[in-house]
Every structure is written in structure tokens, then in C-alpha cells.
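Computed from a predicted structure; not experimentally measured.
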Amino acid sequence: MLPLDTLLQNYPQLETCRQEIVMAAELIGDAFESGNTLFICGNGGSCADADHIAGEFLKGFCRKRPVTDDFAKALHEAGAQEDAAMLSSKLQRGLKCIPLTGFASALSAVRNDLDGQMDYAQVLFALGRPGDLLLGISTSGNSKNTRLAATVAKAAGMKVIGLTGEKGGVLAQMADVAIKAPVAETFRVQEFHLPIYHAICRMVEERFFSE
């Protein structure tokens, strides 16, 4: 069964988000296909979700992603044969994804030296390029540091995906695509976010990798 069909069978309430989920997966896939990078940010549980999503893209998720024959050959030319054999058999191809949540030293410096709400915006400003993509996760849609990152993204020529609760908040208004989980309570929004982004990760993975 296709990832989206499985998601909607298990969570029929998300039928209201079908179109936005498809659009988000297409935007992410298009960015990867063009050699661009997906950046992700969020706070609290959404911070953990940002790291979780990155983990699904940076290595195999539901499909095998063996290295290409050309890269396997390059590995054998680059180092000790024992190491090359291990790497060529175990490395998995990844998709370019950076969680803005992962720069502990830089984020703490921004909070100390500039403004606590500018953490993600500053790191994105340093790393982002036109054609890249930002996925901002906020259950309310109003987290200021996520909104500021979205503003930087749009100014820098990046598209924005918002993953929010049913009200959407400011983030949904700013986003090119807004996926609004159809509940309001924070913990319930988070319970829907995980299956949503797992479905998106599977959809994107299936675009690039065969079984």
C-alpha cells in the first residue's frame, strides 16, 4: 500500500490534509532532486521531531540505499581494502537535510550575544541558499523563532513548509504549504505530526530509491 494510503487508513482524520501532504512531499523531493538542502526547526517536542525527520532522510528509512558502483570503486581506490569493503557494504545514500536544532554552540551563542528568538534565523541565514527549503514545526504556528526563520527563508529565496495544529497561526500564513493537524491541544498535534512526517519521508524515499 502506498504511504499516503496507509496514513489515511490509519488516521482518517488526516484526510483534510491530503493535498498539503502530497504538496510537501513534492516540494521536498524537488529540492533534493535539484541538489538543494532541506532545513528543519522546531521547539520542545517539535525540536525532537526535527532531529527525527533528519534521521530518516540522512540514511535508509524503509528502503535500502546502497552506494553506487562508481562510489564503491572510489572507496576501494581511496583507502585500505578492509575499510573500503566495510564502507561499500554498509554506507547508505542520504538526502541533504540539516536540522537547525543541532548546532548547540552556535545556537547558544546567538541566544547569548544577539537575541534568544533569532537562533534558527541566524543559522539558516548563514547556511541557506536560494532553492533550499525550510520545514518549520510549531504546534501553535506562532513560535517566534520558527517564524523568524521562515521570514529569513523567504527573503533568501527558499520555500517554506509549515507543520502546525488546526489553527495554523502565523507560520501557516507565511508557508508555501501548510499542513495543519486537525486538533488543537499541543500533545494531540504532536501525536499527528509523527505519522504525517513519516508518510512524507516514505513518499520522498520512494521517489529516489528502489526496494
Side-chain angles (χ1 to χ4, degrees), residues 1-15 17-72 75 86-103 124 127-128 131-139 146 158-164 175-181 189-211:
M1 186 178 293
L2 295 173
L4 183 59
D5 294 335
T6 300
L7 174 70
L8 297 179
Q9 177 178 285
N10 293 334
Y11 302 92
Q13 306 97 311
L14 294 177
E15 182 64 44
C17 305
R18 174 192 286 267
Q19 182 177 356
E20 290 76 15
I21 292 169
V22 171
M23 292 171 64
E26 289 176 350
L27 277 180
I28 294 170
D30 289 347
F32 289 150
E33 191 165 350
S34 299
N36 295 112
T37 302
L38 172 66
F39 294 93
I40 316 174
C41 65
N43 301 295
S46 299
C47 173
D49 285 332
D51 283 347
H52 187 164
I53 295 167
E56 310 299 20
F57 282 130
L58 291 171
K59 60 174 288 297
F61 178 33
C62 291
R63 293 197 166 187
K64 297 178 180 179
R65 305 185 192 176
V67 299
T68 63
D69 291 340
D70 285 345
F71 194 74
L75 286 168
M86 182 192 74
L87 288 167
S88 61
S89 67
K90 293 186 177 181
L91 278 177
Q92 299 178 333
R93 282 177 286 167
L95 297 163
K96 291 176 64 177
C97 179
I98 298 177
L100 295 172
T101 55
F103 296 86
L124 184 64
L127 297 178
D132 290 340
L133 184 63
L134 174 69
L135 170 57
I137 310 172
S138 171
T139 57
T146 302
M158 303 168 60
K159 291 189 181 296
V160 175
I161 299 170
L163 184 56
T164 73
D176 296 280
V177 175
I179 304 171
K180 296 185 282 188
V189 175
Q190 292 171 332
E191 287 172 355
F192 277 111
H193 279 182
L194 187 147
I196 288 171
Y197 66 69
H198 266 175
I200 290 172
C201 290
R202 286 185 62 201
M203 293 163 72
V204 173
E205 184 178 57
E206 290 184 3
R207 175 169 169 174
F208 290 95
F209 304 101
S210 60
E211 290 288 358

Please check if the side chain of [X] supplies one atom and the backbone of [Y] the other of a donor-acceptor pair under 3.5 Å.
{"X": "Asp132", "Y": "Thr37", "answer": "yes"}
{"X": "Gln92", "Y": "Lys59", "answer": "no"}
{"X": "Arg65", "Y": "Arg93", "answer": "yes"}
{"X": "Lys96", "Y": "Leu38", "answer": "no"}

[Y] side chain reached by [X] side chain, heavy atoms, under 4.5 Å:
{"X": "Ile179", "Y": "Thr164", "answer": "no"}
{"X": "Thr139", "Y": "Gln190", "answer": "yes"}
{"X": "Tyr197", "Y": "His52", "answer": "yes"}
{"X": "Ile196", "Y": "Leu14", "answer": "yes"}
{"X": "Leu100", "Y": "Leu124", "answer": "yes"}

N-O pairing of [X] and [Y] below 4.0 Å:
{"X": "Glu33", "Y": "Arg207", "answer": "yes"}
{"X": "Asp30", "Y": "Lys159", "answer": "no"}
{"X": "Glu205", "Y": "Arg202", "answer": "no"}

Exercise. What class does the angle between the rings of Phe192 and Tyr11 fall in, given that below 30° is parallel, 30 to 60° is tilted and above 60° is perpendicular?
Worked result: perpendicular
For this session: List the atom of Leu7, the atom of Ala199, and the distance in Å for their closest heavy-atom pair.
Result: CD2-CB, 3.8 Å
Seminar exercise, completed: Contacts of Glu56 meeting salt bridge (charged side-chain N to carboxylate O under 4.0 Å, His left out) (sequence neighbours excluded), chain-then-number -> none
For this session: Kindly determine whether Val160 and Leu135 satisfy side-chain contact (heavy atoms from CB on, under 4.5 Å), including the steps that lead there.
Result: CA-CA 6 Å; Val160 175; Leu135 170 57; over 6 Å; no
